[in-house]
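The structure appears below as structure tokens.
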Amino acid sequence: MCLAIPMQIESIDGFTARCQAKGVWRDVSLFMMQDTLPVVGDFVMVHVGYAIQKIDESDARTTWELLDQILEENGA
Amino acid sequence: MDNARAWLDKIHAFEFDRPIKIMNVCGGHERSITHAGMRGALPKWLELVPGPGCPVCVCPEEDVYQAIRLALHDKVILVAFGDMLRVPVNVKKGEVRSLAEAQAAGADIRPIASPIDARRIAQDNPDRPVVFFAAGFETTTAPTAAMLAEGIPDNLSILLSGRLTWPAVAMLLDSGSPGFDALVAPGHVSTVMGPEEWSFVIDRHEIPAAVAGFGTESLLASFYSVLRQLKTGERFLDNCYREVAHPGGNPTGRRLLDHTLEVVDANWRGIGIIPNSGYALRPAFAQHDARLLFPDHTDPGRRRAGEMPPGCDCAQVVLGKIYPNQCRIYGKACTPRNPVGPCMVSDEGACRIWWAGGVRVAVDA
């Protein structure tokens with residue numbers, strides 16, 4: 001349940017960010033990021049619909065690869 | 001993956017004349033370890049023990065029972081993370097034993113993926129009470145606190161079963177027989193709460209500890225770190241997930257938790273009360289506390305109330321006292337298709353993770 005997925009912010013409206021990860025879009029709350037508000041283009045770790053931390057693009061891509069592997073295994 | 005190879009080589013270069021056990025306390029860690037087949041690649045003297053890392057597994061039986069009763073008898077819309085729906089309670093044969101069965105019996109129960117879904121469902125159904133049954137560790141409870149702090153509709157209340165991870169580890173360490181030599185601390189709990197939360201493992205117990213992320217390299221780096229600490233006698237809290245778990249954690253998240261919730265003694269299914277290990281809504285949010293708004297359907301006199309299902313060794317698995325396949329019913333009476341205990345239900349449960357990883361044969365404890 002503590003799984004978090006990196007997503008990239010495409011637009012921001014108040015505390016709601018439209019985010020994308022590998023062709024999947026979600027509305028993500030930035031309410032937990034008020035101390036270091038991200039901007040459009042930033043990558044964030046998203047857990048149960050909330051951004052919990054900013055993350056570098058290279059770290060985001062590494063995490064996506066890892067998640068792909070795990071999803072592949074679970075689907076098998 | 002070159003780096004993973006290098007970490008493995010460094011770990012293999014150690015020599016220990018006794019078995020070394022490293023405990024993890026996160027279902028995500030256990031999934032990565034099992035998925036990558038790390039146990040097979042590590043030295044024979046090194047054991048990786050899954051510990052208390054599954055909030056669904058330790059969610060009190062009486063809370064699941066209460067949620068089922070609220071949905072069946074009080075005509076609420078009950079929303080919960082999907083993992084909770086198949087968790088069984090201990091009732092007589094023929095009675096509704098899970099939220100999924102209550103749903104099949106006509107109760108309005110909806111799986112959600114985010115606290116935001118709970119708020120939206122309440123907004124869309126202003127004439128009906130909506131109860132969010134919220135089980136989870138700090139990583140999940142902080143977003144629930146955020147939702148509460150931001151403002152929720154009058155008809156939404158929370159049946160909170162939030163738990164803190166570190167008190168369970170503290171309890172194991174205080175017991176005198178923790179069953180592990182070193183700790184890998186959870187990456188996303190540390191992201192929210194701050195890695196420093198785990199300093200007590202070193203300061204009070206002189207047990208090596210390192211925060212790890214979920215990739216192979218981060219986990220192997222954390223194993224190397226704690227083994228090196230064991231070897232040299234030096235002790236410090238290492239952080240092998242610096243890119244995400246920052247000192248101090250997520251300050252907004254911690255502030256929102258503190259603003260809306262208080263830390264209380266709490267029951268862990270099959271384990272008992274652990275001091276300061278649970279969250280409860282503060283009095284200022286009483287109008288959204290489902291424990292105060294609805295009748296208490298739990299009956300402590302109910303047979304096996306609060307316990308794991310009969311025959312299920314899930315509590316021992318959660319505490320890292322036995323491995324999943326050492327449970328008396330693993331792979332026999334209990335499989336993901338027909339789970340008996342919550343460790344086989346939840347995606348975070350060690351039994352389900354091991355089964356998915358191909359461990360299909362039970363062994364003696």
Which distance, rounded to the nearest 0.5 Å, do you find between the [atom1] of [X] and the [atom2] of [Y]?
| X | Y | atom1 | atom2 | answer |
| --- | --- | --- | --- | --- |
| A/Met32 | B/Glu150 | CE | CD | 12.0 Å |
| A/Tyr50 | B/Thr139 | OH | OG1 | 14.5 Å |
| B/Glu243 | A/Thr63 | CD | OG1 | 7.5 Å |
| A/Gln34 | B/Asn250 | CD | CG | 10.0 Å |

Legend entry - By disulfide bond (SG atoms under 2.5 Å apart) - contacts of B/Cys314 (at least two apart): B/Cys343
Inset, instruction - Pick one of side chain, backbone, both or neither for B/Arg255, based on which atoms fall under 4.5 Å of a heavy atom in chain A. - result: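 Side chain only.
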Inset, instruction - Under 4.5 Å heavy-atom distance to chain B, tell me which part of A/Asp59 shows up: side chain, backbone, both or neither. - result: side chain
Legend entry - Heavy-atom pair of closest approach, residues A/Phe31 and B/Thr252: O-CG2, 3.5 Å
Inset, instruction - Compare every heavy atom of B/Ser114 with every heavy atom of A/Gly49, then report the nearest pair and how far apart it is. - result: CA-OG, 3.8 Å
Inset, instruction - Look at B/Ala146, B/Ala145, B/Pro143, B/Gly187 and state which one has the largest set of heavy-atom pairs under 4.5 Å with chain A. - result: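 The option with the most such pairs is B/Pro143.
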Legend entry - chain B contacts, top residue of A/Ile55, A/Asp27, A/Asp56, A/Ile52 (heavy-atom pairs, under 4.5 Å):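 With the most close heavy-atom pairs to chain B, the winner is A/Ile52.
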Inset, instruction - List the steps and the verdict of side chain to side chain contact (heavy atoms under 4.5 Å, CB included) for B/Thr191 and A/His47. - result: CA-CA 11 Å; B/Thr191 300; A/His47 173 65; over 6 Å; no
Legend entry - Atom CZ of A/Arg26: over 12 foreign heavy atoms under 6.0 Å: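 For A/Arg26, atom CZ is not crowded (no more than 12 foreign heavy atoms under 6.0 Å).
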